Amino acid sequence: MVVDAVQGISSQGFNLIKTGFQLAMPEWGGAAYEGTSLALNVGAIGAKVPLIVGASDGIERVNSMFDVTVSRWDNARVVLGNVVNQSVNRLMLTGSAIGKAFGFSKEVNAAGNEP
């Protein structure tokens with residue numbers, strides 16, 4: 001796989017869970033996997049996580065000082081060791097959900113077109 005990547009040949013890779021869904025439901029397995037992935041992704045946006053306090057708040061900490069938890073949507077995010085603000089985090093969460101929705105719609109269309 002590494003040699004293929006160096007030569008510019010793309011590879012789908014192997015996803016054990018998706019393969020399990022496809023074995024259990026040959027026609028709709030991919031759509032079921034992508035739908036479950038989308039539902040978990042959107043549901044995780046509201047999950048409670050420790051508040052991240054960054055340098056813009058006057059304190060350089062990536063964990064909560066008082067065990068305060070907020071939803072992922074209302075929190076900052078640490079990216080490559082840097083704390084990014086709430087707007088960037090929301091953009092990343094939304095982009096992730098849109099990507100999952102696109103994958104789900106692609107799988108549903110493929111399953112609906114199978115003979």
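The shown structure was predicted, so the numbers you read here are calculated from the model rather than taken from an experiment.
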Over all atoms of both residues, closest heavy-atom pair of [X] and [Y]:
X: Trp73; Y: Asn89; answer: O-ND2, 4.3 Å
X: Gly46; Y: Ser71; answer: O-CB, 3.8 Å
X: Lys18; Y: Gly30; answer: CE-CA, 4.2 Å
X: Val84; Y: Ala76; answer: O-CB, 3.1 Å

Straight-line distance of [X] [atom1] to [Y] [atom2], nearest 0.5 Å:
X: Ser37; Y: Glu107; atom1: OG; atom2: CD; answer: 11.0 Å
X: Tyr33; Y: Gln22; atom1: OH; atom2: CD; answer: 10.0 Å
X: Phe21; Y: Asn15; atom1: CZ; atom2: CG; answer: 10.0 Å
X: Phe104; Y: Thr36; atom1: CZ; atom2: OG1; answer: 8.5 Å
X: Asn75; Y: Leu93; atom1: CG; atom2: CG; answer: 10.0 Å

Could you tell me whether the side chain of [Y] reaches within less than 4.5 Å of the side chain of [X], counting heavy atoms only?
X: Ser96; Y: Asn41; result: yes
X: Lys106; Y: Glu34; result: no
X: Thr69; Y: Val49; result: no
X: Leu40; Y: Lys100; result: no

So does Ser105 get a backbone contact from the side chain of Asn109, meaning a donor-acceptor N/O pair under 3.5 Å? yes

I'd like to know if the side chain of Thr94 and the backbone of Arg90 have a donor-acceptor N/O pair within less than 3.5 Å. yes

Would you say Val108 and Val42 are hydrophobically clustered, going by side-chain heavy atoms of ILVMFWY under 4.5 Å? yes

Run the side-chain contact (heavy atoms from CB on, under 4.5 Å) check on Arg77 and Gln86 step by step: do they pass? CA-CA 7 Å; Arg77 180 180 281 208; Gln86 184 180 32; over 6 Å; no

